[in-house]
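Below is one structure, written out as structure tokens; the observations come after it.
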Amino acid sequence: MGIKMKICSWNINSIRLREAQVLRLLRDECPDVICFQECKSLVENIPQKSFYDLGYSHMAARGQKSYNGVAIFSKIPISKEFSIDFADLGQARHIAVCLENGFTIHNFYVPAGGDEPNMETNLKFAQKINFLNAMKDWFLSNIPKKAILVGDLNIAPDENDVWDHKKLLKVVSHTPMEIDKLLEVKKSGDWIDVFRKNKPNGKLYSWWSYRSKDWSLADKGRRLDHIWVTSDLKEMNFKNSVLRDVRGWDKPSDHAPIISVLG
DNA sequence: ATGGTAGGTCTCCTA
């Protein structure tokens, strides 16, 4: 092997509004690859030149006006890109690349699912479940190898992925049904959750609501953002971090960037 | 039980 790769995933909540924060992160952390969700931009309006100037000369993206949007910027050349319209929602929620170093990267923005965890009365929740089912089906018939899956999966699966497990059991992002579906997706591609591999116990969050003042003091977070790798990479080492400080920058995204160094 | 904040196609939708 001998390959070392630093990968970052960040729900940016408007890539145009937060260009300066992205540049600061890229200068501070120098990831080889960075994956964004919620770009909220057409691809042609992504401010890619300033990212190119820092060495991120390879981009793959899917865009929409105002909603969703995913992008991958890489220092490593991209040999192939593709995207799947899971559950036929017609929304920009997935982009994947094969890199020249042999790794495949999937970048996902799973539907948030609305407020009510009920498939009959809430179309957005039904779409979230359908999206997860489609992910599972796709990985069952397109077996991923030497692959990394990152993104805002909008589900906090473990008790320690939320600030209060019991209080959040009926809150979309932590309901048993969503968690079961996410675990099915994980099983379908034989994926490993690298953050929980290294830290099986203890609280881990990547998102804090804009609606809470003193978000850091209250610390009512959830781990909605994830980095998974296929089991053929399980012998690699993973150095993981949630860049919580970034959530405290001026004009922040409500998500912190998450990073894993694979080596 | 409620309301709180933020971004974009901005008095309405999404998160």
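All values below were derived from every heavy atom in this structure, side-chain atoms included, with hydrogens, water molecules and symmetry-related copies excluded. Chain identifiers are assigned alphabetically (A, B, ...) following the order of the sequence lines, protein sequences preceding nucleic acid strands; residue numbering begins at 1 within each chain.
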> Going by number, which of residues 210-224 of chain A have a non-hydrogen atom under 4.0 Å from DNA chain B?
Replying inline: Y210(A), R211(A)

> Given atom NZ of K40(A) and atom P of dA15(B), what is their separation to the nearest angstrom?
Replying inline: 9 Å

>> Heavy atoms within less than 4.0 Å of DNA chain B: which residues of residues 16-26 of chain A have one? Give them sorted by number.
In response: R16(A), L17(A), R18(A)

>> How many whole angstroms separate atom CZ of F125(A) from atom P of dA15(B)?
In response: 13 Å

>> For R196(A), is there any backbone N or O sitting under 3.5 Å from a side-chain donor or acceptor partner on D193(A)?
In response: yes

>> Can you check the distance between dG7(B) and dT11(B), where both ends of the measurement are the C1' atom (answer in whole Å)?
In response: 15 Å

> So, do F73(A) and H58(A) have ring centers that fall under 6.0 Å from each other?
Replying inline: no

> Rounded to whole angstroms, how far apart are CH2 on W208(A) and C1' on dA6(B)?
Replying inline: 17 Å

>> Taking only side-chain N and O atoms of K124(A), does any of them lie within less than 4.0 angstrom of OP1 or OP2 on dC13(B)?
In response: no

> Is the centre of the H255(A) ring less than 6.0 Å from the centre of the F36(A) ring?
Replying inline: no

> W249(A) ring centre to R24(A) NZ or CZ under 6.0 Å, with the angle to the axis within 45°?
Replying inline: yes

>> My understanding is that only residues two or more places apart in sequence, or in another chain, count here; which of them pass side-chain hydrogen bond (donor to acceptor under 3.5 Å, both in side chains) with K49(A)?
In response: D53(A)

>> Please determine whether residues V70(A) and L89(A) belong to a single hydrophobic cluster, defined as Ile, Leu, Val, Met, Phe, Trp and Tyr linked transitively by side-chain heavy-atom distances below 4.5 Å.
In response: no

> To the nearest angstrom, how far is N11(A) atom CG from dG7(B) atom P?
Replying inline: 12 Å

>> Before you tell me yes or no, could you show the steps for E116(A) and K170(A) under salt bridge (Lys or Arg N to Asp or Glu O under 4.0 Å), namely the whole-Å CA-CA distance, both residues' side-chain angles and the distance that decides it to 0.1 Å?
In response: CA-CA 9 Å; E116(A) 188 72 25; K170(A) 291 179 176 172; over 6 Å; no

>> From CG of N13(A) over to P of dC10(B), roughly how many Å is that when rounded to an integer?
In response: 17 Å

> Expressed as a whole number of Å, how far does the C1' atom of dA15(B) sit from that of dG3(B)?
Replying inline: 16 Å

> I12(A) has an atom CD1; how far is it from atom P of dG7(B), in whole Å?
Replying inline: 11 Å

> Of S209(A) and D152(A), whose closest DNA chain B nucleotide lies nearer the 5' terminus?
Replying inline: S209(A)

> What is the distance from CG of D254(A) to P of dG8(B), rounded to the nearest Å?
Replying inline: 12 Å

>> Without decimals, in angstroms, what is the distance between R93(A) CZ and dA15(B) C1'?
In response: 10 Å

> Between D158(A) and D161(A), is there a donor-acceptor pair closer than 3.5 Å when you use the side chain of the first and the backbone of the second?
Replying inline: no

> 5'-most contact on DNA chain B: I15(A) or G113(A), nearest heavy atom basis?
Replying inline: I15(A)

>> Applying the ring pair (Phe, Tyr, Trp, His ring centres under 6.0 Å) criterion to W215(A), which one of W163(A), Y210(A), W208(A) satisfies it?
In response: W208(A)

>> I'd like the C1' distance from dT5(B) over to dC10(B), given in whole Å.
In response: 15 Å

